[in-house]
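FYI, the numbering just counts along the sequence from 1. Predicted, not measured: the structure shown is a model, and the values here were computed from it.
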Amino acid sequence: MSHFLVSDPTLFSSLFEFDTELAQETLAKGCPHCGHDRLHQSHYPRKPRGIEANHRALFSFRFSYCCAACRKRITCPSLRFLGRKIYVGLIVVLASCCQDRITAWFSRLAQEMNLSLRTLWRWRSFWTKTLPASRFWQAVKGRFMPPPDPYRFPHALLETLGHSGHAISRLLTFLSPITIGGMISANEGL
């Protein structure tokens, strides 16, 4: 893959490090359901799409725990994954940003990852309809003045967060609350 973000190993390792920190915070808080302080490791195995084989180990599981007392599951927010999607979050964002501008890079990326037009339209619907109508966006849109145009999501969010390579990490951090559910219902998913 030729895009520098997709082939940048430091980005993938920093996303993993961010997820590790979020997992440690979740572990330190204990069970949000019963208040018990002991959680058992119960990570979800993942077989992510959209990344090269040499980076897959960093995406082979999703941090999750279960309470030692009430046995309820506590899944950590994530920068690597957008909910239960099989494509990594970075790819969902980049492909959604590029789908309006069909470029040689995007065509090659879609072909390499076996991305169908149907998948891309589903992602487009999520960004332009589901996310702007969600409880999450209603709760956070006041942070932006003026608010970015929802019809241009996720590109408008990236522009708002900055033009550097760190903007993608900031966007994934911003979106991390929706990766654990509650702010976007299951039938509204990606």
Side-chain angles (χ1 to χ4, degrees), residues 3 5-6 8 11-12 14-26 28-29 32-33 44 46 48 50 59 62-64 73-103 106 109-110 115 117-190:
H3 193 279
L5 284 175
V6 178
D8 179 8
L11 178 60
F12 291 130
S14 36
L15 293 177
F16 181 79
E17 288 170 18
F18 286 133
D19 274 12
T20 301
E21 289 175 23
L22 291 171
Q24 290 170 347
E25 290 173 16
T26 300
K29 290 178 186 174
H33 307 290
Y44 285 113
R46 298 295 299 260
F59 293 82
R62 169 117 189 229
F63 289 106
S64 188
R73 184 173 284 277
I74 300 97
T75 301
C76 307
S78 177
L79 274 66
R80 295 175 298 150
F81 304 105
L82 285 177
R84 298 170 66 185
K85 295 288 40 97
I86 58 175
Y87 287 93
V88 298
L90 174 68
I91 298 303
V92 174
V93 171
L94 290 177
S96 299
C97 283
C98 296
Q99 74 184 53
D100 290 335
R101 300 178 307 278
I102 302 299
T103 63
F106 177 71
L109 178 69
L115 272 172
L117 284 176
R118 188 172 152 210
T119 297
L120 292 172
W121 282 113
R122 191 174 63 248
W123 290 353
R124 181 76 179 149
S125 178
F126 167 79
W127 290 111
T128 60
K129 296 176 183 159
T130 305
L131 184 63
S134 70
R135 289 182 292 151
F136 169 75
W137 181 247
Q138 299 309 311
V140 300
K141 69 181 178 182
R143 296 181 192 174
F144 303 98
M145 282 300 153
D149 178 10
Y151 189 72
R152 293 185 54 244
F153 281 1
H155 194 252
L157 286 168
L158 277 172
E159 288 175 341
T160 303
L161 294 169
H163 294 286
S164 70
H166 298 290
I168 193 81
S169 294
R170 285 195 295 272
L171 177 60
L172 293 170
T173 301
F174 173 73
L175 295 172
S176 67
I178 70 171
T179 67
I180 56 172
M183 295 302 261
I184 293 183
S185 66
N187 60 351
E188 294 178 313
L190 285 170

Kindly compute the distance separating [atom1] ([X]) from [atom2] ([Y]), expressed to the nearest 0.5 Å.
X      : Y      : atom1 : atom2 : value
Leu172 : Leu161 : CG    : CG    : 10.0 Å
Phe153 : Arg124 : CZ    : CZ    : 10.5 Å
Phe126 : Ser134 : CZ    : OG    : 7.0 Å
Leu158 : Ser96  : CG    : OG    : 10.5 Å
Lys129 : Tyr151 : NZ    : OH    : 8.5 Å
Leu131 : Ser125 : CG    : OG    : 11.0 Å

Minimum side-chain heavy-atom gap [X]-[Y] below 4.5 Å:
X     : Y      : result
Phe81 : Phe63  : no
Arg46 : Phe59  : no
Leu82 : Tyr87  : no
Arg62 : Thr179 : yes

Compare every heavy atom of [Y] with every heavy atom of [X], then report the nearest pair and how far apart it is.
X      : Y      : value
Pro32  : Ile74  : CD-CG1, 3.5 Å
Pro77  : Ser176 : CB-O, 3.7 Å
Ser169 : Leu79  : O-CD2, 4.0 Å

Please identify each residue that fulfils side chain to side chain donor-acceptor pair (under 3.5 Å) with Thr26, with sequence neighbours left out.
none

Just jot down the side chain to side chain donor-acceptor pair (under 3.5 Å) partners of Thr160, sequence neighbours excluded, or say none.
none

Between Arg73 and Ser64, is any side-chain donor less than 3.5 angstrom from a side-chain acceptor?
yes

For Arg152, give me all partners under salt bridge (charged side-chain N to carboxylate O under 4.0 Å, His left out), at least two apart in sequence or on another chain.
Glu159

Tell me whether the NZ or CZ atom of Arg80 lies within the 45° cone about the ring axis of Phe12 and under 6.0 Å from its centre.
no

Tell me every residue that passes ring-ring contact (aromatic ring centres under 6.0 Å, His included) with Phe144, counting only those two or more places apart in sequence or in another chain.
Trp137, Phe174

Among all residues two or more places apart in sequence or in another chain, which pass the ring-ring contact (aromatic ring centres under 6.0 Å, His included) test with Phe18?
none

Determine which pairs satisfy salt bridge (Lys or Arg N to Asp or Glu O under 4.0 Å) with at least one residue from residues 138-150, sequence neighbours left out, and list them in order.
none

